[in-house]
Structure formats: C-alpha cells, structure tokens
Amino acid sequence: MNGQVRGVQLARLLGQWHALPGRRRSPDYAALAGSVRGLLADGRLPLGVRLPAERELAEALRISRTTVTAAYRHLRETGHLASRRGAGSWTMLPGNHRVASTGLWTPLDDREMLDLGVAALAAPPQLLSAAQAATEDLPRYLSGAGYHPTGIIELREAVADAYTARGLPTSADQIMVTSGTQHALDLVLRLALTPGGTVLVESPTYPNALAALAGRRARITTHGLAADAGWEPDLLLGSLRQTRPKLAYLIPEFQNPTGHLMPASLREHVVAAAHAVGTDLIIDESFVDLAMDGTEVPPPVATYDRHSRVVSIGGMSKPYWGGLRIGWVRASAPQVQRLAAVRVGVDMASPVLDQLVAVHLLADAEAIVADRRVQLAVQRDALLGALAHRLPEWRVTVPRGGVTLWAELDGPVSSALARAAEEVGVRLAPGPRFGLDGTLERFLRLPFTLPAADLVEAVGRIAAIRYDLDRTGRQRWRETTVIA
Ligand SMILES: Cc1ncc(COP(=O)(O)O)c(C=O)c1O
C-alpha cells in the first residue's frame, strides 16, 4: 500500500468529472468511475492507494453516497479497485497488471535512426578547444597519483562558484564531483537509503532515476503531476506528510519529461514539510541552466534548507555534453566526506582530464549556455510547429526551458506508437517508461535536442504511422517491452 488519498484531494483531482465529453449519455456513477479510471491511466492517481470512504467522497463531491457506492462497485467489477470489508478500497489495474518501467534505457548508435528516445544535445563547438586547453593543464596533475575522490579542486571551486552566483553561497568542500548526475544519484542513494526504504518521486519522472531506485530496492511512492500545471501543492505536501518517505527525488527545473518549473513558494513549503516529517530531498538540477523565453528560475531548493535536508545533484550533460560524464553533488561538507568514502568502494574518482575539460567549459559558461538556449528555443518551436501541423489532436504545454515536451496523445497508444515508429526509423520513449505501473499510455515525451529539420521529419513519420495504427486496429497492441 502506498498511503491514502483523502476525499477533498480526490475531489480536486477529479475536477470537472461530471462535465466530461459524452457525459450526458452515462449515469453519474459511471462518469465518476470513468474519471477515476482516467486518473489511474494517466498516473495522477497512483496504484495501491486507499480511496476515501464512500461517505467522505460523497461529501467532498456533494453527491449522494449511493452514487459513490455504485461507482466503487463498478470500479471493482472492472478490476480497478480492490476492497476489503471494514478496511477500505485500494486502486489497482485489471489483472493486477504492472509493467516494469525500469530496465536498460540507452542511446542508440544507429546513425540512420532519428533518436527521440534520448533527451540530450550533441557537443557544443567549444568542446574541442576546451579539450585542447585541458591537455595543456594536465602536466600539473601528472606528478600525483590522479585519484581525487571528491574531484579536482579547480572544478569543485568552479561548481561552488556557480551555486554562489545563483544565490546559494557554497564552498568547494560542499561539492563532490561525480561521473555524471546519474552516478551522483546512485551514490546519494547508497548513502541515504536502506533496502525497502520509501522514496517519493514525481509521476512521470526520469526513467533512469527509477532504475537507480530499483537497483537500491527502494519502495517507490508517487506524486502525480498534472499535464498542464505540474505539481499540485496540497497533494505533494499531503503525500510527504502521510507517507513520510525516507527520501524524495524531485526535478524542480524543467522537469524531465514534463518541462514544468516549480515555483518558489512550493520549493519553500516542500523543504519545510520534508524537514517536519524527516524526509531528505534529492533535488536533480540537470536542466537548471536551460531556461527559455526570458523565464526567471526561482532560487535553488537548497536556499530554503536550514537543516542539511537537501542534497542537490547536477552535471555537465544537458548544457554541455553527456559524453564528458561529469556531474556533482552539493551537500554539507560532512555529507560530502561520507559520500567520498562510499565512492571509494565504487569507482574511486572521476577522470582528471575530463574534469579539466569541464573547468574550461564552465569558464566559458555564459557564452555556451546562451547559445544552447537559443538553439533549444528554435528546435522547440520547430517541434511545436510540426506537431500543430501534423498532429493537431495532440495537446502540449509549451515548456519554458529544458529539453523535452510531454505530449498528451489522442488515445492510449504511446507504446504501440513507439513500436511502429521504430519501423519507420524513429525511436521514441513512450509514456509508460516515465511511470511505475504501465500507465501513462496517453502520453509521449518528445525531446527537442535534434536539429530542427530532423524533428520536423520525425513528426511527419510519426503522424503517418499514427493514422496507420487506427487503420490496422488493435493488431499492434502487445505488452510493453524493455527498450534497450
Ligand atoms: C533528470 C535527469 N537526471 C539525470 C540525468 C543523467 O544525467 P548524466 O548524463 O549527467 O548522468 C538525466 C539525463 O537525461 C536527466 O534527465
């Protein structure tokens, strides 16, 4: 069991359930049951949560208890609810269906394929000169053994300075360099989580974070993001208070995959609620540099932290290049020392040469990041234009930063579409990859990291097969498989 949802919370999630399209043709109980099923399918209502008692929901929705009783009965019959007399009713999917969302999620080396499965840019032109400058610096390090478990001091200082410039005073001893943000997450989990510990994550979220959590045998509980508005403050804070997870993993800046940006007020409240219930926060800042349209990014979540509850992780992959494999953790100095001790049992240290390349790139950060933002805005707009032209039924919320948009499709066809797309040379990451339970079939993540012309071409191919899927009916439906 994942906790429970209260009557007022469910009422808020259900929103205008009584005024949905086609509503006039169905009785109240069926419309209510249909809306609950919709919330489950979209991942906004997690599996395994206890629904409010019938009377409580009836009061919250201002409808008769008989309607709620009939809706719950209907949900039991369709396999979306399990009830035990006197104990309550829990959400489920028919046949106890659960699709593993973790597994290998790697980029392809097939150059013919338009790869929309990976949300990362090619290297910036400045990378080569940074690499050349780094080789010139290397002799300074060659007289030592080359192991720096917390990272070379120059890079730790550069990363600390970047935090300070964002309004969060940071010293080099609060920074540990890692081999990518993913590595940073894994190390933090090794330190902070025992097997079976509960971790709250957003749904949808970054699939490789789910893989890292599965690797540490975390018990995962979710906060469903609304497609248009993102985090629902009352529900997120309520989940923290009810579930009291050991950790929460959040991506507040241009969340992967939805692109949402968490407002300052919620950041402050999340930190306060986490502290009150003893939850540590892992804040993934992978996309923090990539704001567009003049969007102002609120202060770092750690700004509101007075009790060393927040560990921030980030890296070079999104603004610069994933091939560098450089990331970092920002935590208290003692936590950094503990992480370094864990790390010695994993990979000892990150490569010195790559860290020097990172130092040179960060020295030129202003110009490089400005170029990236312009490039991403052009590509995003090309993608949005192609979608509006070729797939006008799909709904998208325009992301104001980051590298991905989260499209709401015209049916629960995301996995079928991804399989069909492979056949026309487009690789897609279907919605269920970003959730836990095989839900999110009505969503698709689309990164805008490829050149504009490739994005337009990819959307054209996707549109063609989308209409083919309708013609070939249900033949393409199969179980979701691991995409490797
Ligand atoms: C939210 C998030 N965290 C972590 C990563 C992994 O980043 P890195 O390449 O720095 O390991 C990614 C990459 O897509 C990401 O989107």
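Because the structure is predicted, anything quoted here is derived from the model rather than measured. For reference, positions follow the sequence shown, starting with 1. Heavy atoms only: backbone and side chains are in, while hydrogens, waters and symmetry mates are out. Atoms within each ligand, like the ligands themselves, are counted from 1 in listed order.
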Of the protein's non-hydrogen atoms, which lies at the shortest distance from atom 6 (C) of ligand 1, and what is that distance?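 The answer is Tyr206 OH, 3.4 Å.
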
Top protein contact for atom 16 (O) of ligand 1, by heavy-atom distance: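 Going by distance alone, atom 16 (O) of ligand 1 is nearest to Asn256 ND2, 2.7 Å.
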
Relative to the heavy atoms of [X], which atoms of ligand 1 are at a distance of less than 4.0 Å?
X      : value
Phe287 : 1 (C), 16 (O)
Ile251 : 1 (C)
Gly180 : 10 (O), 11 (O)

Strictly distance-based, threshold 3.5 Å: is any side-chain N or O of Arg219 a donor or acceptor partner for the main-chain N or O of Pro245?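 No.
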
Does any N or O of ligand 1 fall below 3.5 Å from an N or O anywhere on Gln182, backbone included?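 By distance alone, the answer is yes.
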
What part of Thr181 sits under 4.0 Å from ligand 1 if we count only heavy atoms: the side chain, the backbone, both or neither?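 For Thr181, the contact with ligand 1 is made by both the backbone and the side chain.
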
Give a yes/no verdict on whether any heavy atom in Ala120 is under 4.0 Å from an atom of ligand 1.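 Contact absent.
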
Min heavy-atom dist Gln255 to ligand 1 below 4.0 Å: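 In this structure, Gln255 fails to qualify as a contact of ligand 1 - no heavy atom is under 4.0 Å.
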
Given [options], which has its nearest heavy atom closest to [atom]?
atom                    : options                        : answer
atom 2 (C) of ligand 1  : Ile326, Thr404, Asp284         : Asp284
atom 8 (P) of ligand 1  : Ser317, Gly314, Gly402, Pro447 : Ser317
atom 14 (O) of ligand 1 : Lys318, Arg325, Glu285         : Lys318

Give a yes or no on this: more than 12 heavy atoms of other residues, nucleotides or ligands lie within 6.0 Å of atom CZ of Arg166.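 Correct, the count exceeds 12.
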
Trp406 vs Phe434 aromatic rings, parallel, tilted or perpendicular, using cut-offs 30° and 60°?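 Rings of Trp406 and Phe434: perpendicular, over 60°.
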
Checking [Y] against [X]: is there a side-chain donor and acceptor pair closer than 3.5 Å?
X      : Y      : value
Asp284 : Ser286 : yes
Gln355 : Tyr141 : no
Glu441 : Ser415 : yes
Arg343 : Ser350 : yes

Are Arg216 and Asp186 ion-paired here, with the side-chain N under 4.0 Å from a carboxylate O?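 Looking at Arg216 and Asp186, the cut-off is met.
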
